[in-house]
Amino acid sequence: MARIKPQALLQQSKKKKGPNRISVTTIILCNLIVVLIVFFVFTTYRHWSQRSRLQTESRSSVSKDEDAFVDSKKSDVPGYAVLNTAKGDITVELYKESSPEVVDEFIDLCQKGHFKGMPFNRVIKHFVIQAGDNKKVGAAEDWTLRGKHYNHLDTSMKHEAFMLGTSKGKRNDRGFELFITTAPIPDLSEKLIVFGRVIKGEEVVQEIEEVDTDENYQPKANIGIIKVSLKQKI
């Protein structure tokens with residue numbers, strides 16, 4: 001067996017212990033992988049960013065459409081009612097913003113013809129005229145007492161005259177009565193839900209107020225609402 005010379009062994013040992021060189025191909029592959037990872041992260045971020053923006057814009061668009069629909073629906077609600085009586089017409093502006101539920105109920109009843117032929121069953125001078133189907137005397141007792149009492153009070157800074165309202169509390173189709181004040185009334189909100197005011201035909205209200213009544217403030221001659229017409233504008 002041939003013997004290896006010490007010099008040859010030393011050269012072989014140096015070759016084994018020497019560092020391995022990284023090839024150019026490996027470096028290129030590593031850089032390519034890094035670039036791909038960065039590109040993937042950037043693309044993912046951009047995708048989710050655009051998706052979030054589109055969802056926000058979509059919600060905003062839906063919200064605007066809903067607001068536009070609500071505004072359109074509000075504008076469709078009649079803003080005025082004309083009460084046709086034997087004494088003449090009484091034009092009322094409806095408070096759609098402050099009393100929307102009562103106005104909706106009133107409009108629905110108008111469309112059903114609820115007020116057609118409804119009599120003015122209570123007329124209290126310098127206080128209120130009331131239209132309704134309630135024939136009970138007791139229903140107007142408190143109003144009558146208040147009317148007598150308030151005639152002797154200072155009416156400055158009180159509720160205005162010619163306001164349109166209906167009784168508070170639970171109502172049904174038969175119980176929706178109309179009250180038109182003929183003088184400023186203190187604490188009107190304790191008794192009525194005010195949902196409108198007379199803007200034309202105050203003289204008609206005053207003429208109804210002057211009709212002859214009995215001891216229960218019921219008009220001696222039949223007088224009432226012939227019909228009610230709803231209008232968008234006057």
Side-chain angles (χ1 to χ4, degrees), residues 66-124 126-134 139-140 143 146-147 155 157-209 219 223-234:
E66 289 178 349
D67 291 342
F69 175 76
V70 171
D71 291 340
S72 175
K73 190 173 181 181
K74 284 183 178 180
S75 65
D76 290 340
V77 177
Y80 302 89
V82 180
L83 283 61
N84 178 241
T85 75
K87 300 291 186 180
D89 292 343
I90 303 170
T91 302
V92 177
E93 179 185 6
L94 302 176
Y95 290 163
K96 297 188 291 184
E97 299 296 331
S98 60
S99 305
E101 293 182 0
V102 179
V103 169
D104 287 345
E105 187 177 357
F106 171 75
I107 290 172
D108 181 60
L109 291 175
C110 286
Q111 293 170 341
K112 292 178 180 178
H114 172 71
F115 302 105
K116 186 176 181 180
M118 177 177 283
F120 286 99
N121 58 357
R122 293 290 185 279
V123 173
I124 306 173
H126 310 300
F127 191 54
V128 69
I129 62 175
Q130 172 188 352
D133 296 321
N134 192 346
W143 280 94
R146 284 170 178 263
T155 56
M157 301 301 292
K158 307 298 183 183
H159 285 284
E160 298 177 7
F162 304 110
M163 306 303 290
L164 175 70
T166 189
S167 297
K168 280 189 173 182
K170 188 175 180 180
R171 298 182 306 278
N172 50 39
D173 287 356
R174 299 290 294 175
F176 197 109
E177 299 175 310
L178 298 179
F179 295 82
I180 300 177
T181 62
T182 61
I185 300 177
D187 57 23
L188 176 64
S189 57
E190 288 185 5
K191 296 295 294 182
L192 298 181
I193 301 174
V194 176
F195 66 95
R197 67 184 179 92
V198 177
I199 60 172
K200 186 177 180 181
E202 292 92 340
E203 70 282 358
V204 177
V205 175
Q206 291 172 334
E207 194 171 345
I208 295 173
E209 181 188 26
I223 182 172
I225 298 172
I226 298 172
K227 67 176 181 177
V228 178
S229 302
L230 298 173
K231 296 184 179 295
Q232 293 284 353
K233 297 179 179 180
I234 296 297

Using every non-hydrogen atom in the two residues, find where [X] and [Y] come nearest and quote the distance to one decimal.
| X | Y | result |
| --- | --- | --- |
| Glu177 | Ser167 | OE1-OG, 4.0 Å |
| Glu97 | Pro100 | O-CD, 3.5 Å |
| Gly165 | Phe195 | C-CE2, 3.6 Å |
| Ser99 | Ile193 | OG-CG2, 4.5 Å |
| Gly132 | Asn121 | O-ND2, 3.3 Å |
| Val123 | Pro219 | CG2-CG, 3.7 Å |

[Y] and [X], any side-chain heavy atoms less than 4.5 Å apart:
| X | Y | answer |
| --- | --- | --- |
| Leu83 | Val92 | yes |
| Ile225 | Leu178 | yes |
| Glu160 | Pro184 | no |
| Leu230 | Gln111 | yes |
| Ile129 | Val205 | yes |
| Val82 | Lys231 | yes |

Do the side chain of Lys96 and the main chain of Val77 share a donor and acceptor less than 3.5 angstrom apart?
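Judged by distance alone, yes, a pair lies under 3.5 Å.
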Side chains of Thr182 and Glu209: any donor to acceptor distance under 3.5 Å?
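Checked: Glu209/Thr182 side chains pair up, N/O donor to acceptor below 3.5 Å.
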Assess the residue pair Lys168 and Leu192 against the criterion (side chain to side chain contact (heavy atoms under 4.5 Å, CB included)); give the C-alpha distance rounded to whole Å, side-chain angles, the decisive distance to 0.1 Å, and a yes or no.
CA-CA 5 Å; Lys168 280 189 173 182; Leu192 298 181; 5.9 Å; no
Find the distance between [atom1] ([X]) and [atom2] ([Y]) and round it off to the nearest 0.5 Å.
| X | Y | atom1 | atom2 | answer |
| --- | --- | --- | --- | --- |
| Lys112 | Ile107 | NZ | CD1 | 13.0 Å |
| Gln206 | Ile180 | CD | CD1 | 11.5 Å |
| Phe106 | Phe115 | CZ | CZ | 5.0 Å |
| Leu109 | Met118 | CG | CE | 8.0 Å |
| Thr166 | Gln130 | OG1 | CD | 9.0 Å |
| Ile90 | Glu203 | CD1 | CD | 9.0 Å |

Report the C-alpha distance between Ile185 and Phe127 in whole Å, list the side-chain angles of each, state the deciding distance to 0.1 Å, and finish with yes or no for side chain to side chain contact (heavy atoms under 4.5 Å, CB included).
CA-CA 7 Å; Ile185 300 177; Phe127 191 54; 3.7 Å; yes
Any residue meeting salt bridge (charged side-chain N to carboxylate O under 4.0 Å, His left out) with Glu93, in chain and number order, not counting sequence neighbours:
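Glu93: salt bridge (charged side-chain N to carboxylate O under 4.0 Å, His left out) contacts with Arg197.
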Evaluate side chain to side chain contact (heavy atoms under 4.5 Å, CB included) for Leu164 paired with Val194, printing each intermediate quantity in order.
CA-CA 6 Å; Leu164 175 70; Val194 176; over 6 Å; no
Could you walk me through whether Lys200 and Tyr80 pass side chain to side chain contact (heavy atoms under 4.5 Å, CB included), step by step?
CA-CA 11 Å; Lys200 186 177 180 181; Tyr80 302 89; over 6 Å; no
List in chain and number order the residues that pass ring pair (Phe, Tyr, Trp, His ring centres under 6.0 Å) with Phe120, two or more places apart in sequence or in another chain; answer none if no residue qualifies.
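Ring pair (Phe, Tyr, Trp, His ring centres under 6.0 Å) check on Phe120 returns nothing, list empty.
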